[in-house]
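The next block holds one structure in the form of structure tokens; read it before the comments.
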Amino acid sequence: MSRAGTKGVSRAEREQQILAVAIEEFGRRGHARASVADIAARAGISKPLVYGYFDSRDGLYLACLHHVGRLLVDAVAAARTHEGSPRHALDTLAAVFTAIDGCRYAWSLLYDPTLPAAGPVHDTAHHYRGRLAGMGAAGSARLLAAAGHRDPLDHAFLDHLWQYTVTAVMRWWIDHPEQSPADMAARSARVLGALGPR
């Protein structure tokens, strides 16, 4: 049973409300520029209450990282129906769209270029990035192997393309909030399909 929060809101519910606002603020402004005061104001609570829940600004960022990191890792891990085929990329994108529909700044938060160069925030972000990169590398290797391509540079090239493609897609989605996960999955299928062989 969760402890009581403020104004009749449970602690667990209040934490989720704060996290939702913080993910967007950190995702939009970056770790270096987002402020706890703005996050508190948007969440309709006091700044000391945020610190009461998360101890520090970095404690709040770490909670955000764990939330979005798990969402993304679980979504990518679940999208394995068509491993070794081009359909795997579309399945992965569709799974990610669905998983982060409620926090579209997840990718921006995890891949924030303003993160500190060392410390718990840096280490946690790199942990989740590493897990995603590992799954992406494994999928790329299987796709290339199925097509008869074994060149390590091809693999490195495809990994690079995939990473930047996903980042571009996520940024585009933020700029088009009216697009649903289903809209984005269908658009990805159309656009990526058009790039394929004729």
Side-chain angles (χ1 to χ4, degrees), residues 19 22-24 26-32 34 58 60-175 181 184-185 187-189 191-193 195-196:
L19 283 177
I23 288 166
E24 183 174 342
F26 283 127
R28 286 166 55 111
R29 298 186 182 184
H31 177 274
D58 278 357
L60 175 57
Y61 202 97
L62 281 169
C64 292
L65 279 174
H66 284 301
H67 182 78
V68 304
R70 289 178 190 129
L71 279 178
L72 289 164
V73 166
D74 289 349
V76 172
R80 294 184 174 173
T81 308
H82 296 96
E83 274 190 328
S85 80
R87 181 72 210 177
H88 186 205
L90 294 173
D91 286 349
T92 300
L93 286 173
V96 170
F97 295 143
T98 300
I100 67 169
D101 186 32
C103 56
R104 294 190 185 184
Y105 285 88
W107 194 266
S108 298
L109 182 131
L110 182 57
Y111 289 90
D112 178 3
T114 75
L115 292 185
V121 168
H122 170 275
D123 295 345
T124 301
H126 278 267
H127 165 74
Y128 287 112
R129 291 178 190 178
R131 291 190 64 187
L132 291 169
M135 288 187 285
S140 296
R142 282 188 285 271
L143 177 62
L144 290 171
H149 302 302
R150 308 269 178 196
D151 185 337
L153 283 178
D154 283 354
H155 187 200
F157 181 50
L158 183 56
D159 279 344
H160 192 78
L161 283 176
W162 174 246
Q163 182 75 31
Y164 281 91
T165 297
V166 176
T167 297
V169 168
M170 294 304 160
R171 287 178 177 165
W172 191 90
W173 195 22
I174 287 170
D175 291 337
M184 289 299 296
R187 191 174 307 282
S188 297
V191 172
L192 294 180
L195 295 175

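Remember, it's a predicted structure, so these values are computed and weren't measured experimentally.
- Taken from CG in Leu90 to OG in Ser188, the straight-line distance is 7.0 Å, to the nearest 0.5 Å.
- With sequence neighbours excluded, no residue forms a salt bridge (Lys or Arg N to Asp or Glu O under 4.0 Å) with Arg129.
- Qualifying side-chain contact (heavy atoms from CB on, under 4.5 Å) partners for Pro120, counting only residues two or more places apart in sequence or in other chains: Leu62.
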Margin query: Before you tell me yes or no, could you show the steps for Arg29 and Thr114 under side chain to side chain contact (heavy atoms under 4.5 Å, CB included), namely the whole-Å CA-CA distance, both residues' side-chain angles and the distance that decides it to 0.1 Å?
Written below: CA-CA 9 Å; Arg29 298 186 182 184; Thr114 75; over 6 Å; no
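- Nearest heavy atom pair, residue Ser108 against residue Gly27, reads CB-O, 3.6 Å.
- A search for ring pair (Phe, Tyr, Trp, His ring centres under 6.0 Å) contacts involving His127 returns nothing, not counting sequence neighbours.
- In this structure, Leu115 CG and Leu110 CG are separated by 8.5 Å, a value rounded to the nearest 0.5 Å.
- With sequence neighbours excluded, the residues forming a side-chain hydrogen bond (donor to acceptor under 3.5 Å, both in side chains) with Tyr128 are His66, listed by chain and number.
- Residues Ile23 and Ala106 share a closest heavy-atom pair of CG2-N, 4.3 Å.
- Here the closest non-hydrogen pair linking Ala75 and Ala95 is O-CB, 3.5 Å.
- Rounding to the nearest 0.5 angstrom, the gap separating the NE2 atom in His67 from the CG atom in Leu71 is 4.5 Å.
- For Tyr111, the ring pair (Phe, Tyr, Trp, His ring centres under 6.0 Å) partners at least two apart in sequence or on another chain are Trp107.
- In this structure Arg28 satisfies the side-chain contact (heavy atoms from CB on, under 4.5 Å) test together with Glu24, Tyr105, sequence neighbours excluded.
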Would you mind writing out the side-chain donor-acceptor pairs for residues 96-104 within the sub-3.5 Å range, not counting sequence neighbours?
unit_1, atom_1, unit_2, atom_2, d
Thr98, OG1, Ala94, O, 3.1
Asp101, OD1, Arg104, NE, 3.4
Asp101, OD1, Arg104, NH2, 3.0
Arg104, NH1, Pro177, O, 3.1
Arg104, NH1, Gln179, O, 3.2
Arg104, NH2, Gln179, O, 2.8

With a cut-off of 3.5 Å and sequence neighbours excluded, list every side-chain donor-acceptor pair involving residues 152-166.
unit_1, atom_1, unit_2, atom_2, d
His155, NE2, Ala137, O, 2.9
Asp159, OD1, Ser140, OG, 3.0
Thr165, OG1, Leu161, O, 2.6

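- In this structure, CE on Met184 lies 7.0 Å from CE on Met170, to the nearest 0.5 angstrom.
- What you find for Leu109 and Val68 is that their closest heavy atoms are CD2-CG2, 3.6 Å.
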Next item on the list: Please step through side chain to side chain contact (heavy atoms under 4.5 Å, CB included) for the pair Leu143 and His88, ending with a clear verdict.
Entry: CA-CA 9 Å; Leu143 177 62; His88 186 205; over 6 Å; no
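- Under the side-chain contact (heavy atoms from CB on, under 4.5 Å) criterion, Ala77 pairs with Arg80, Met135, sequence neighbours left out.
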